[in-house]
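It should be emphasised that the depicted structure is a prediction, and the values quoted were computed from it without experimental measurement.
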Amino acid sequence: DSQGALARLFTCTTCAVCDSEPGEPETKKRWRNPQEMLKTLVRHCIQTSANFALRRQALFDRVWTQNFASEHRRSCVRRYCSWLPLAQRRFSTGQGVGLPAMRFRSFSGELFSNLDGGELASPTQVLESLGNNAVPYKELSTNSKSGEFFFISDDKRFLIKTISEREFDLLQRMLASYQDHIRRWPHSLIVRYAGLFQVEVPDAKLTQHFSVMLSVFDQRYDIHETFDLKGSILKRKRKEGESIGKDEDWLASGRRLDMPAAQQREICAMHELDTELLRRFDVMDYSLLVGLHTVEEGLIANETDSSSLKGWSFGRGFVAADQRTMYFLGLIDFLIGYGLKKQGEHLIRLAQGHGETASCVSPKAYAERQVRFIRDSVMAGGEAIGGNLGTLRIEAQHAEDLVGADWIGTSDPYLQAKLGLLSRRTHTVQKNCNPRWSCTLALPVHAHHRSSELELSVWDEDNNRALQGADDFLGKVTVPVAQFLSGRPHELNGQELSGVRQGKLWVRLVFEPVPQA
């Protein structure tokens with residue numbers, strides 16, 4: 001592992017972090033602690049890569065101004081430079097002052113520096129915080145069992161985290177889609193990366209991967225409370241000595257993000273888009289990191305449009321309605337794939353009766369659960385805030401002639417309505433193939449749902465899922481969102497259920513647009 005490799009013998013010249021044994025030559029010294037060694041390697045990688053990026057940019061600037069008279073040609077080169085997603089550059093360094101012989105690779109530097117218009121992680125900004133002339137990094141405590149290291153720049157702007165080879169490969173696969181997503185949705189809550197590296201030290205038989213990220217928090221403000229929210233409530237409580245609260249702590253605190261309703265709608269819409277991206281890559285176990293800055297006296301100036309996300313960028317805060325609290329939000333730790341180990345863990349939790357509340361569930365279930373948790377338990381408005389287009393009311397009336405899924409030839413049916421990643425369901429009608437629910441469900445409708453379909457599905461509820469498995473499917477009906485956006489009630493009278501041999505559904509859909517300010 002990285003700690004063991006770093007503890008091995010390195011050859012170096014005189015250095016503040018070295019120690020020599022009596023009679024040992026200057027070129028045979030041992031690093032006093034692995035963290036200092038890794039910090040030195042990391043700083044060298046970042047310095048070299050950022051310097052290269054600056055020289056490259058200066059070269060292209062000359063090309064644009066001197067070699068291309070045509071604006072069309074200049075724009076083509078600019079587009080190439082800003083959208084080059086998967087560039088890989090190799091560097092090597094001989095043994096020198098404070099450094100062993102090493103080689104490293106830098107991945108997709110242009111991609112990271114060009115996110116958010118280059119305003120958050122340009123090479124110049126990276127050098128100021130993490131380069132050779134920057135103040136030494138600080139170590140952060142971590143509960144990781146893998147022996148990874150976590151550093152933060154002195155100005156609290158950037159975080160450096162060692163990652164496994166598997167996480168490294170996953171992030172590489174995601175990069176093109178990650179870039180496209182943030183370009184398309186600049187108000188994305190997904191953490192911004194500023195670098196991805198692989199470093200090799202042959203003498204120590206060390207190969208280490210690490211990433212550089214922007215902090216979720218604005219370094220201008222002190223963070224008084226922090227919560228790591230996954231949407232799971234099984235064993236999600238802060239342990240003694242830990243400073244970061246978890247889902248159970250958040251619920252116990254009674255806190256909610258009390259912002260203008262329009263902002264809450266936009267954040268929920270953006271969070272759903274972000275989690276949908278992560279779901280497509282089969283990842284789970286990610287968190288919404290929430291930081292709170294509070295003031296005892298005075299008011300916090302609001303720099304963001306209270307009716308939208310206009311003026312907000314990653315790492316900046318949202319001001320509460322009373323202007324006494326500022327909220328910082330960011331989706332982090334999304335490099336955990338749903339492999340065989342995680343699937344096995346989920347099966348164990350399922351057998352224990354915790355299949356829905358445990359942290360480890362399928363990527364689809366994980367995304368859906370977190371979207372529901374953030375809306376219902378984190379936002380002050382909850383279900384009532386609706387979507388940024390409006391709210392869909394589903395008047396669930398009744399069904400007839402459903403398939404009998406139980407061994408006695410009957411079913412325990414309920415109706416589930418799903419749009420995007422959010423779903424709502426009716427109560428269960430026991431032992432009845434002609435159920436009458438006579439209730440109303442509400443779903444938020446966001447702008448990105450315009451080309452989606454509403455799914456109305458009927459299910460037979462199994463009380464003991466650990467023994468019987470998932471609920472039984474009794475059929476569904478899909479309705480394009482465009483059909484009900486006009487605001488006129490949309491009736492489904494005796495609509496035949498698809499995917500099964502029999503069954504009909506009666507439902508009334510009413511769309512309520514967001515009231516105009």
Side-chain angles (χ1 to χ4, degrees), residues 350 355-356 362 364-365 367-369 371-372 375-376 383-384 386-387 389-446 449-513:
L350 189 65
E356 295 182 357
S362 71
K364 179 175 179 290
E368 292 173 350
R369 185 180 64 188
V371 165
R372 184 169 60 250
R375 172 173 287 275
D376 294 350
E383 182 179 309
L389 281 186
T391 301
L392 176 65
R393 306 285 178 190
I394 301 115
E395 298 176 7
Q397 298 169 349
H398 66 281
E400 292 182 0
D401 197 26
L402 297 178
V403 172
D406 297 338
W407 65 274
I408 58 174
T410 186
S411 291
D412 304 318
Y414 65 88
L415 176 68
Q416 177 179 270
K418 182 180 178 183
L419 181 58
L421 290 176
L422 193 65
S423 63
R424 303 293 185 192
R425 55 160 289 181
T426 67
H427 60 282
T428 300
V429 178
Q430 298 293 327
K431 296 179 174 55
N432 196 327
C433 290
N434 299 289
R436 301 192 71 86
W437 298 291
S438 301
C439 63
T440 300
L441 307 176
L443 284 175
V445 183
H446 298 303
H449 291 151
R450 289 182 186 274
S451 59
S452 302
E453 291 183 332
L454 168 71
E455 181 179 285
L456 302 168
S457 54
V458 184
W459 299 84
D460 168 57
E461 183 172 51
D462 289 327
N463 292 323
N464 193 337
R465 291 187 176 88
L467 295 177
Q468 298 173 294
D471 294 344
D472 297 312
F473 177 66
L474 300 181
K476 71 176 182 179
V477 173
T478 57
V479 182
V481 169
Q483 289 189 12
F484 57 75
L485 282 183
S486 65
R488 295 189 300 272
H490 186 78
E491 307 276 355
L492 298 177
N493 294 319
Q495 182 76 39
E496 291 191 2
L497 296 170
S498 65
V500 290
R501 66 177 184 273
Q502 64 188 57
K504 295 181 180 181
L505 181 66
W506 278 257
V507 169
R508 187 170 186 262
L509 308 177
V510 180
F511 174 67
E512 300 174 356

Which pair of heavy atoms, one from [X] and one from [Y], lies closest together, and at what distance?
X      : Y      : value
Asp412 : Asp460 : N-OD1, 2.6 Å
Glu383 : Asp376 : N-OD1, 4.3 Å
Pro444 : Gly386 : CB-C, 3.5 Å
Leu441 : Ala417 : CD1-CB, 4.1 Å
Glu395 : Val510 : OE2-CG2, 4.2 Å
Ala399 : Trp437 : CB-CH2, 3.8 Å

For Leu422 and Arg375, run side chain to side chain contact (heavy atoms under 4.5 Å, CB included): C-alpha distance rounded to whole Å, both residues' side-chain angles, the deciding distance at 0.1 Å, then the answer.
CA-CA 9 Å; Leu422 193 65; Arg375 172 173 287 275; 3.7 Å; yes

Report yes if some heavy atom in the side chain of [X] is under 4.5 Å from a heavy atom in the side chain of [Y]; otherwise report no.
X      : Y      : answer
Leu402 : Pro413 : yes
Glu461 : Trp459 : no
Ser452 : Leu419 : yes
Arg424 : Leu443 : yes

Evaluation steps, side chain to side chain contact (heavy atoms under 4.5 Å, CB included), between Leu454 and Gln483:
CA-CA 10 Å; Leu454 168 71; Gln483 289 189 12; over 6 Å; no

So how far is it from [X] [atom1] to [Y] [atom2], rounded to the nearest 0.5 Å?
X      : Y      : atom1 : atom2 : result
Ile408 : Lys431 : CD1   : NZ    : 5.5 Å
Ser457 : Leu497 : OG    : CG    : 9.5 Å
Cys433 : Glu400 : SG    : CD    : 11.5 Å
His490 : Ile394 : NE2   : CD1   : 12.0 Å
Leu392 : Leu485 : CG    : CG    : 9.0 Å
Leu505 : Leu474 : CG    : CG    : 11.5 Å

[X] side-chain N/O to [Y] backbone N/O, donor-acceptor pair under 3.5 Å:
X      : Y      : result
Thr391 : Ala384 : no
Thr428 : Tyr414 : no
Asp401 : Gly503 : no
Thr410 : Asn432 : yes

Just wondering, are more than 12 heavy atoms of other shown residues or ligands nearer than 6.0 Å to CD in Glu512?
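Enclosed.
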
Kindly determine whether Val500 and Val458 satisfy side chain to side chain contact (heavy atoms under 4.5 Å, CB included), including the steps that lead there.
CA-CA 11 Å; Val500 290; Val458 184; over 6 Å; no

Check Lys476 with Glu453, please: is the shortest side-chain N to carboxylate O separation under 4.0 Å?
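No, this pair does not count.
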
Glu368 and Lys364 ion-paired at < 4.0 Å:
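Salt bridge between Glu368 and Lys364, a charged N being under 4.0 Å from a carboxylate O: yes.
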
Please step through side chain to side chain contact (heavy atoms under 4.5 Å, CB included) for the pair Gln502 and Val403, ending with a clear verdict.
CA-CA 6 Å; Gln502 64 188 57; Val403 172; 3.7 Å; yes

Parallel, tilted or perpendicular, judged at 30° and 60°: which one describes the rings of Phe484 and Phe511?
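It falls in the tilted class, 30° to 60°.
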
